[in-house]
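Remember, predicted model here, so these are calculated numbers, not experimental data. In each ligand, atom 1 is the first atom listed, and ligand 1 is the first ligand listed.
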Amino acid sequence: MEVIIRDSAEEVSVLGAKIVARLVRRKPRCVLGLATGRTPLRLYLELIRLYAAGELDFSGVETFNLDEYVGLPPGHPQSYHFYMRENFFRHVNIPARLTHIPDGCSADLRRHCLDYETAIKEAGGIDLQLLGIGSNGHIGFNEPTGSLNSRTWIKILSEKTLKDNAALFPTPEEQPRHVISMGIGTILEAGHCVVLACGAQKSSAVKAMIEGPVSSMCPASALQLHPRATVIADSAAAARLDHSEHYRWIEQHKLDWQKYE
Ligand code: GLP
């Protein structure tokens, strides 16, 4: 794993955006895997800024989102369709037909999950998958003890995740217990996985993801098996790491072509 530690969440987001922007410039018809949650919001703002400044063109880009709540229609303010439209898609020029988000209201959810996997394959696979991490180590909505080889499917949220995200919903009754999420196996097939982690509440999960054993108790630890996984953490999220000095040393000794900035 490549571990990059920055002082602030701001620096984490701007670096994450640089990595995405670099890919879009090098491969204008790339396939991006996108994430939701509070963490990537600033990264999307930075990409929007680059687009508005004429420094980035998304016209050939195709996107696949990680997950969506079951039962929330696209117009629901807590749906990830709504989130993506408001926080990213409506501000840039990705053709709408090339944006994909699981449909949590599909009449046949199981069929839909299989079709989502097929659509990713038909697009040529995901070049770069953006990820956040839950405080219990989930990525996408793959909760602890789920298979590390899982595919896109209907998943049940843990009580911990429901609690972490409760504030985003007006009442507990409106918070779905079920989601569609790409599986860990799906995520591991992306060409490059980039995890953003910010804040002290993520520090235990970050420690387990990077320095813990590969275990379904921390689904993000499966990224240790990925040939190209990059974790960008702010100092609060990295606070529990035992080998921060080693990660800084590695970063200082990168060859020019290995550097992002
Ligand atoms: C959410 C999402 C994840 C996200 C994580 C952390 O529930 N499904 O994709 O990475 O939990 O969210 P946040 O960035 O808001 O802390």
Side-chain angles (χ1 to χ4, degrees), residues 8-10 12-13 15-17 20 32-46 63-72 76-84 86-88 100-104 113 116 126 128-144 146 150 152-169 172 174-184 186-188 190 193-210 218-223 229-234 236-238:
S8 66
E10 169 72 13
V12 167
S13 306
L15 176 54
V20 175
L32 298 178
L34 298 179
T36 51
R38 286 149 283 207
T39 311
L41 284 170
R42 176 67 184 92
L43 176 149
Y44 289 131
L45 272 182
E46 181 62 11
T63 67
F64 287 88
N65 264 76
L66 281 167
D67 45 18
E68 178 58 289
Y69 289 107
V70 167
L72 295 194
H76 192 289
Q78 269 71 44
S79 74
Y80 288 162
H81 278 78
F82 189 90
Y83 173 108
M84 289 309 300
E86 288 306 306
N87 294 306
F88 190 42
H100 310 270
I101 304 176
D103 177 4
C113 291
Y116 202 71
I126 291 169
L128 185 154
Q129 178 64 57
L130 200 58
L131 296 158
I133 180 167
S135 66
N136 62 355
H138 77 234
I139 49 175
F141 265 135
N142 294 282
E143 298 283 32
S150 62
T152 302
W153 199 240
I154 304 108
K155 322 242 170 178
I156 305 168
L157 294 180
S158 67
E159 289 184 281
K160 173 84 176 113
T161 297
L162 288 170
K163 203 167 145 222
D164 284 353
N165 290 337
L168 301 170
F169 290 86
E174 288 174 69
Q175 188 176 17
R177 266 74 171 149
H178 299 92
V179 294
I180 295 176
S181 177
M182 281 187 204
I184 298 288
T186 321
I187 292 167
L188 291 179
C193 288
V194 178
V195 186
L196 306 187
C198 299
Q201 71 282 10
K202 302 293 173 67
S203 60
S204 300
V206 165
K207 161 89 178 148
M209 165 173 62
I210 298 170
C218 176
S221 67
L223 293 166
T230 302
V231 179
I232 315 174
D234 69 3

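Val70 has its side chain out of reach of Pro176: every pair of non-hydrogen atoms, C-beta onward, lies at least 4.5 Å apart. At a threshold of 4.5 Å between non-hydrogen side-chain atoms, the residues Leu34 and Tyr44 count as touching. Taking 4.5 Å as the limit, some side-chain heavy atom of Asp67 sits within range of a side-chain heavy atom of Thr36. Counting heavy atoms from C-beta on, the side chains of Glu68 and Asp103 never come closer than 4.5 Å. Contact of the Phe141 side chain with the Leu157 side chain is registered, since non-hydrogen atoms from C-beta on lie closer than 4.5 Å.
The side chain of Asp67, and not its backbone, has at least one atom closer than 4.0 Å to an atom of ligand 1 (non-hydrogen atoms only; side chain from C-beta on). Proximity of Tyr80 to ligand 1, defined as any heavy-atom pair under 4.0 Å, is confined to the side chain (atoms from C-beta onward). Proximity of Asn165 to ligand 1, defined as any heavy-atom pair under 4.0 Å, is confined to the side chain (atoms from C-beta onward).
Protein heavy atom at the shortest distance from atom 11 (O) of ligand 1 is His138 NE2, 2.9 Å. From the protein, the heavy atom lying nearest to atom 16 (O) of ligand 1 is Lys202 NZ, 2.6 Å. Among protein heavy atoms, atom 6 (C) of ligand 1 sits closest to Ile133 O, 3.6 Å.
Residue Thr39 has at least one N or O atom closer than 3.5 Å to an N or O atom of ligand 1. Taking distance alone, with nitrogen or oxygen atoms compared against 3.5 Å, Thr36 stays at or beyond that limit from ligand 1.
A search for side chain to side chain donor-acceptor pair (under 3.5 Å) contacts involving Thr39 returns nothing, not counting sequence neighbours.
Close approach of ligand 1 to Gly132 (heavy-atom distance below 4.0 Å) involves ligand atoms 10 (O).
The option with the heavy atom closest to atom 9 (O) of ligand 1, from among Gly134, Gly140, Gly37, is Gly140.
Checking Asn136 against Glu143 by side-chain atom types alone, a donor-acceptor pair falls below 3.5 Å.
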